[in-house]
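Here the structure comes first, spelled out in structure tokens, and everything after it is commentary.
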Amino acid sequence: MEFTGLSLSFILSALMLLNKRSNVEANLVRLPESCRMAGTVASCQGKRLDHVPVNLPMRIENLLLNENIIRAIKNESLSVYKRLHTLNLSGNQIEVIESGAFDCNTNLEDLNLKNNRIDLTYSETYLALRTLPGLRRLDLSENRLSEDATSYLVQNLTTLEYLSLSRNFIMRLEPSTLGGLVHLRELILEYNYIYEIESGTFEGLRRLTRLNLAHNHIPCIVDFSLYQVKTLNISHNVVELFLARENEIEYQLETLDLTYNKLLFFPLLPKRNKLQLLLLADNEMSFYGDLINDSSTEVQFIQIVGNVTNITTVKLWDEVTSISLPELKVLDMSRNLFRYLPERFLRGMTTLSALQLSQNCLKTFYLMEDDPLSFQVMDLSQNQLLSLNFSVNRMEKLNYFNISFNKLESVPSDLFTKMPQIVTVDLSYNNVSICAYPSEYKERTLNGSCVRLANIKTLKHLSLASCALVTVPAKAFVGSPLTHLDLSSNFGIRLKASTFQDVSKSLQFLFLRNNGLTSSQLDIGLQVPFRHLSSLDLYGNVLSCLHPTLKTFPLKWLDLRKNQLSTLQQDVLQSLLHNLQTIFLSGNAFDCCQLNWWSPLINAKSLIIPDRSKITCNGSIRLDNINRVSDFTKFHCRADNIVLKYFLLLLPTFMFILTVSMIVFLSLNSKLLPKYVKAKCKIGVEY
């Protein structure tokens, strides 16, 4: 019995000890209230922590401490998290990272220190970074680092593959700035103050494939020789010249972004290249061959490096016309000063699929049979084109063609019949006319006075806005399965019953804004059964009512702004509300006394009225909410109606009584009557 009692006592004590130990362990792994665990990821961001939590599970591999108020990473702060792979400390106030802070984190590969104050003690941070043998990604952006501090921090971080130094105070780059980064693949230096890059700065980065120098103050690139780089971004600088080193080495460059610079000439690219994307928009480029007699005029560029002076001689006009870009797919030269393209300019671009030339000064554009015909996108909008000369039989792949905002008075009548895959055509803001089919086609297309838009089997999007159209000929769109049609800003256009007849089964979006259409004129044009019309734009016309024709349309989007509507017909509105999702109504003179339509409109659950706060009725009373139309206004409408009714009823009686009273009064007073008559007739009295 004694043995049994001792055994039970021992077992009970052991259980109590185990329970106490389990409670201690549970307390050790209990997460702080501000952190969340998901697998091996601990999320503690944006919780106003002022230190690294020490009671997180030791197994964590990703620790997210960004957007807190941590000021220092001390030697023991991370020592317990030996499996740490990713550490995000961005958006804190870190001024100090002690030299032994990462001694126990030998597995750390991704370190984010963005938006801190590492610049204050960068020499100690340098010692801490040296203890990370596997560091691959490092973000030091937004730390106010100068070029000297940068050079000190990243020197010989041989394992780095990604380095971001954006939004710092770097002004110059030289070979020593990035020395020893032999495995670096991506370097981001955007949003600094770089105005000078010494020759050889990047030559030690043999594996660099992505380089971002955007948003700096770089004035020119005159000896580009980064053979291995695939993506180069120098946008938003002040580059006036881009010259690649002349040799037979094959460059790996695939994407070159020089947008938003001050380029004067088309860049002189490597002879052997793999360029696929060339972005040159928003510069000051032009071709000058037509301004000089000698087309082989040479220009010399002088480069001084130390005591060595190099003179590069370039034939600017000859070079650009013989350039070879056999793999180029996209060429964007929008928003420049081009007046023309050299005759052989496109011939070396055999795989070009997108040509962007909008907002230039082009007066002519030629496309010959021996030019590349693999275009899918061609944008010639906002130029000064008077005519187009497409001496080609077929453009097999073109599906988007924009020549809006030019000075075209005619285009080749058969232009779009040469485009078997064309989907989108924008002819807006030109003075072009449309051919009727087939009666006028043979007569008028011979002299190119109209463009044929019938039987274009793939055409779905067509814009003819502001083309001075008076009418649309019968069967103009027959055989073309249009889904989007824009006839806006053709003021005074006359719609006919046949205008939309051939596209009534396919049309989904119809734009008729700013055409001066009345309700009756609109009714004539819409007397067809639109089966799929979901969007109708009637902005800026003179509509006085909603015609019953609209009841049959499955509209989801309707714009009625800036018309002359005083009310909305209840029956039309109720039918529209079955499908309608968005309606615009502001800019009309709605009658405050006829607002029966407003309540059903605002109570429709699925309906959105984006301009609701701008809708008013007579007297500039806003209809943002029906309750905001005051009780006084409602009473005033009723009172005015009653007073007017009784006034009109009593007016004849009142006038009759007044007339009889005057006659009786004057008859009873015999002396007054002759004087009154004489005064009125102005006849003298004899005595």
Side chains of [X] and [Y]: donor-acceptor distance under 3.5 Å anywhere?
X: Asn62; Y: Thr86; answer: yes
X: Asn66; Y: Gln45; answer: no
X: Glu190; Y: His215; answer: no

Quick one: pull up [atom1] in [X] and [atom2] in [Y] and give me the separation to the nearest 0.5 Å.
X: Ile234; Y: Asn216; atom1: CD1; atom2: CG; answer: 10.5 Å
X: Asn143; Y: Leu145; atom1: CG; atom2: CG; answer: 5.0 Å
X: Gln359; Y: Gln382; atom1: CD; atom2: CD; answer: 4.0 Å
X: Lys329; Y: Ser374; atom1: NZ; atom2: OG; answer: 9.5 Å
X: Leu258; Y: His236; atom1: CG; atom2: NE2; answer: 12.0 Å
X: Asn399; Y: Gln421; atom1: CG; atom2: CD; answer: 7.0 Å

Inset, instruction - For residues Trp557 and Phe509, establish whether the separation of their ring centroids is below 6.0 Å. - result: no

Inset, instruction - Scan Leu264, Leu337, Asn336 and name whichever one has a side-chain contact (heavy atoms from CB on, under 4.5 Å) with Met285. - result: Asn336

Legend entry - Among Leu205, Leu208, Thr209, the one residue meeting side-chain contact (heavy atoms from CB on, under 4.5 Å) with Arg185: Thr209

Residues [X] and [Y] bridged, charged N to O under 4.0 Å:
X: Asp139; Y: Lys114; value: no
X: Arg172; Y: Glu174; value: yes
X: Arg144; Y: Asp119; value: no
X: Arg71; Y: Glu95; value: yes

Residues 154-167, side-chain donor-acceptor partners within the protein, below 3.5 Å, at least two apart:
residue: Gln155; atom: OE1; partner: Ser151; partner atom: OG; Å: 3.4
residue: Thr159; atom: OG1; partner: Leu135; partner atom: O; Å: 2.6
residue: Glu161; atom: OE2; partner: Arg136; partner atom: NH1; Å: 2.7

Inset, instruction - List the steps, then state whether ring-ring contact (aromatic ring centres under 6.0 Å, His included) holds for Phe287 with Phe345. - result: CA-CA 11 Å; Phe287 295 119; Phe345 179 71; 5.4 Å; yes

Inset, instruction - Could you tell me which residues satisfy side chain to side chain contact (heavy atoms under 4.5 Å, CB included) with Asn247, sequence neighbours excluded, listed by chain and number? - result: Tyr227, Arg245, Ile249, Tyr251

Legend entry - Verdict with reasoning, Ser146 to Asp148, per side chain to side chain donor-acceptor pair (under 3.5 Å): CA-CA 5 Å; Ser146 65; Asp148 292 334; 4.9 Å; no

Legend entry - Greater than 12 external heavy atoms within 6.0 Å of Arg272's CZ: yes

Legend entry - Heavy-atom neighbours of Arg347 CZ exceed 12 at 6.0 Å: yes

Legend entry - Residues which pass side chain to side chain donor-acceptor pair (under 3.5 Å) with Glu284, listed by chain and number, not counting sequence neighbours: none

Inset, instruction - Walk me through it: do Leu279 and Ser235 pass the test side chain to side chain contact (heavy atoms under 4.5 Å, CB included)? - result: CA-CA 9 Å; Leu279 307 177; Ser235 64; over 6 Å; no

Legend entry - Pair Leu232-Leu253, side chain to side chain contact (heavy atoms under 4.5 Å, CB included): steps then yes or no: CA-CA 8 Å; Leu232 176 61; Leu253 192 62; 3.9 Å; yes

Legend entry - Candidate pair Ile94 and Ile118, rule side chain to side chain contact (heavy atoms under 4.5 Å, CB included), full reasoning: CA-CA 7 Å; Ile94 298 172; Ile118 303 301; 4.1 Å; yes

Inset, instruction - Go through Leu352 and Phe375 one step at a time and tell me if the side chain to side chain contact (heavy atoms under 4.5 Å, CB included) criterion holds. - result: CA-CA 6 Å; Leu352 191 63; Phe375 299 117; 3.5 Å; yes

